[in-house]
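Structure, as structure tokens:
Below, read A as the first sequence line, B as the second, and so on, with proteins coming before strands; counting in each chain starts at 1. Atom set for the values below is all heavy atoms of this structure, side chains included, hydrogens, waters and symmetry mates excluded. Remember, predicted model here, so these are calculated numbers, not experimental data.
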2 protein chains.
Amino acid sequence: MRQTKQRRIILEVLRGTVHHPSADEVYHQVRQCIPNISLGTVYRNLERLVQDKVIRKIVNTQGQGRFDANIIPHGHFRCVKCHLVEDLPFEVTFTAIPENSSWYRAREICEVHYEVTGICPVCKSKSQLAPP
Amino acid sequence: MRQTKQRRIILEVLRGTVHHPSADEVYHQVRQCIPNISLGTVYRNLERLVQDKVIRKIVNTQGQGRFDANIIPHGHFRCVKCHLVEDLPFEVTFTAIPENSSWYRAREICEVHYEVTGICPVCKSKSQLAPP
DNA sequence: TCAGTAATAGTAATTATTACTGATAATATG
DNA sequence: CATATTATCAGTAATAATTACTATTACTGA
């Protein structure tokens, strides 16, 4: 993989945030360093970095893809109101997938994604204070 | 929620498959009963049924949304090659989220989504037999 | 039965992402 | 260091997925 300024800054931006930004949000951040960078370049590099397992793409049920520079396995909390995404602050352990099962042996397992959805503190207090 | 023929058939179709279809796939199935149903109607109803927790939307990192009539909590396996999605054939149990923690009490928790990605048996054997 | 209104079909618009193309610049090799 | 090779880029067009709009239809409760 060639080293380019674009790719380096994209990765720096992603590593410099905990907000799990979308491609578009990364694009706007990177534009502060490289004003004429192309949105396609951002998409291409993010996808490439995911392929090479330098970053991860976060699972979701709606909206755009979001990216995470932290590749250590961990889960996320997603607010269904404001679409905030944050890391889960505690370990979640699963019953291990039985590696000696025929199910497991018939497949190549890559990654585990898990996400908890709900209403974040800000939106929760909002809805309690001012019901429509 | 009003009972309409469209909504009933959409739900019947989803309940009649284990393939976790996309909105477009549901649309084509439903067209066999209601040939002039609108794709927008399918999207609207699926989203409405998700809201009312009659069905679930499955998390994903790419491609279209997929739906599942089975609302009992369970995880999914997704093939990164052919995009097949299937239920995990074993229970997924979590260490419970600590309900007495300040983190938990500050939020309203709705759902947990769990997905394992990898290569399915068909694609695995394909790649072993005929490498490019 | 019928008024009120949620839901619909058909279509247009929006959003997110990918593909294309000629130009640019990162690397490997002499 | 010079330069050939080619991955990558910017800019733009195209595609895919989903949502919004509007006039019409058909549930449902009274």
Side-chain angles (χ1 to χ4, degrees), chain A residues 1-14 19-52 54-68 78 80-83 85 132, chain B residues 1-14 19-52 54-68 78 80-85:
Chain A
M1 179 152 61
R2 270 189 194 173
Q3 184 71 319
T4 68
K5 188 182 168 188
Q6 289 83 351
R7 186 167 291 157
R8 200 187 71 243
I9 304 291
I10 287 166
L11 189 53
E12 273 174 22
V13 163
L14 196 60
H19 289 105
H20 311 92
S22 64
D24 197 63
E25 285 162 349
V26 171
Y27 169 67
H28 282 97
Q29 280 284 118
V30 174
R31 291 238 297 182
Q32 296 181 7
C33 292
I34 312 171
N36 69 328
I37 194 171
S38 174
L39 181 57
T41 299
V42 175
Y43 271 102
R44 190 164 9 82
N45 278 289
L46 287 171
E47 220 50 68
R48 180 69 195 278
L49 290 165
V50 169
Q51 262 177 36
D52 292 15
V54 178
I55 64 173
R56 285 190 108 190
K57 196 168 183 181
I58 299 177
V59 290
N60 69 131
T61 56
Q62 84 227 40
Q64 323 107 292
R66 281 163 169 268
F67 299 87
D68 191 343
R78 178 186 303 267
V80 296
K81 299 265 188 199
C82 70
H83 304 116
V85 176
Chain B
M1 181 153 60
R2 271 191 192 172
Q3 183 71 322
T4 68
K5 188 180 169 189
Q6 289 82 349
R7 185 166 292 159
R8 199 185 72 243
I9 304 290
I10 287 167
L11 189 53
E12 273 174 20
V13 162
L14 196 61
H19 289 105
H20 312 93
S22 63
D24 196 64
E25 286 163 348
V26 171
Y27 170 65
H28 282 98
Q29 280 284 118
V30 173
R31 292 237 298 182
Q32 296 180 8
C33 292
I34 313 172
N36 70 327
I37 194 171
S38 174
L39 180 57
T41 298
V42 174
Y43 271 101
R44 192 166 8 82
N45 277 289
L46 286 171
E47 220 51 67
R48 180 68 195 276
L49 290 165
V50 169
Q51 263 178 37
D52 292 14
V54 179
I55 64 174
R56 283 191 109 191
K57 195 168 183 180
I58 299 177
V59 290
N60 68 132
T61 57
Q62 82 226 40
Q64 324 105 293
R66 280 164 168 270
F67 299 87
D68 191 343
R78 180 185 303 267
V80 295
K81 300 265 187 200
C82 70
H83 303 116
L84 163 113
V85 176

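Evaluation of the salt bridge (Lys or Arg N to Asp or Glu O under 4.0 Å) rule for B:R66 yields no partner, not counting sequence neighbours.
Under the 3.5 Å distance criterion, the side-chain polar atoms of A:D68 are left unmatched by any main-chain donor or acceptor of A:I55.
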Go along nucleotides 15-30 of chain C 5' to 3' and tag each nucleotide: B for a protein heavy atom under 4.0 Å from its base, S when only backbone or sugar atoms are that close, - otherwise. -SBB------BBS---

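Among residues at least two apart or in separate chains, there is no ring-ring contact (aromatic ring centres under 6.0 Å, His included) pair with a member in residues 22-51 of chain B. The salt bridge (charged side-chain N to carboxylate O under 4.0 Å, His left out) pairs that include a residue from residues 34-52 of chain A are A:E47-A:K57, A:R48-A:D52, where partners are two or more places apart or lie in different chains. Sorted by first and then second residue, the salt bridge (charged side-chain N to carboxylate O under 4.0 Å, His left out) pairs with a member in residues 28-37 of chain A form an empty list; sequence neighbours excluded.
Here D:dT18 presents its P atom at 15 Å from OH of B:Y27, a figure rounded to the nearest Å. Atom C1' of nucleotide C:dT11 and atom CD1 of B:I37 are separated by 16 Å, given to the nearest angstrom. To the nearest angstrom, C1' of D:dT8 lies 16 Å from CD1 of A:I9. The distance from atom CD of B:E25 to atom P of D:dA17 is 10 Å, rounded to the nearest whole Å. In this entry the distance linking CD1 of B:I34 with C1' of C:dT8 reads 10 Å, nearest Å. When the C1' atom of C:dA7 is taken as reference, atom CG of B:N45 falls 8 Å away, rounded to whole Å.
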Extract all donor-acceptor atom pairs below 3.5 Å that involve side chains of residues 4-14 of chain B and protein atoms in other chains or at least two apart in sequence.
residue: B:T4; atom: OG1; partner: B:R7; partner atom: N; Å: 3.1
residue: B:R7; atom: NE; partner: B:N45; partner atom: OD1; Å: 2.5
residue: B:R7; atom: NH1; partner: B:R2; partner atom: O; Å: 2.9
residue: B:R7; atom: NH2; partner: B:N45; partner atom: OD1; Å: 3.1

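Listed nucleotides: C:dT8, D:dG11, D:dC9. Nearest to the side chain of A:R7: D:dC9. Of all nucleotides listed (C:dT8, C:dA9, C:dA7), C:dA7 comes nearest to the side chain of B:R48.
Across every non-hydrogen atom of B:I58 and B:H20, the tightest pair is CD1-CD2, 3.4 Å. Considering every non-hydrogen atom in both B:V26 and B:P21, the closest pair reads CG2-CG, 3.7 Å.
Within the structure, every side-chain polar atom (N or O) of B:N36 is placed at least 4.0 Å from both OP1 and OP2 of C:dT8.
Note: B:Q64 CD to B:E25 CD = 6.5 Å, rounded to the nearest 0.5 Å.
When base pairs are accepted only as Watson-Crick or G-U wobble with both N-N or N-O distances under 3.5 Å, DNA chain D takes part in stems of 3 or more pairs at C:1-30 with D:1-30.
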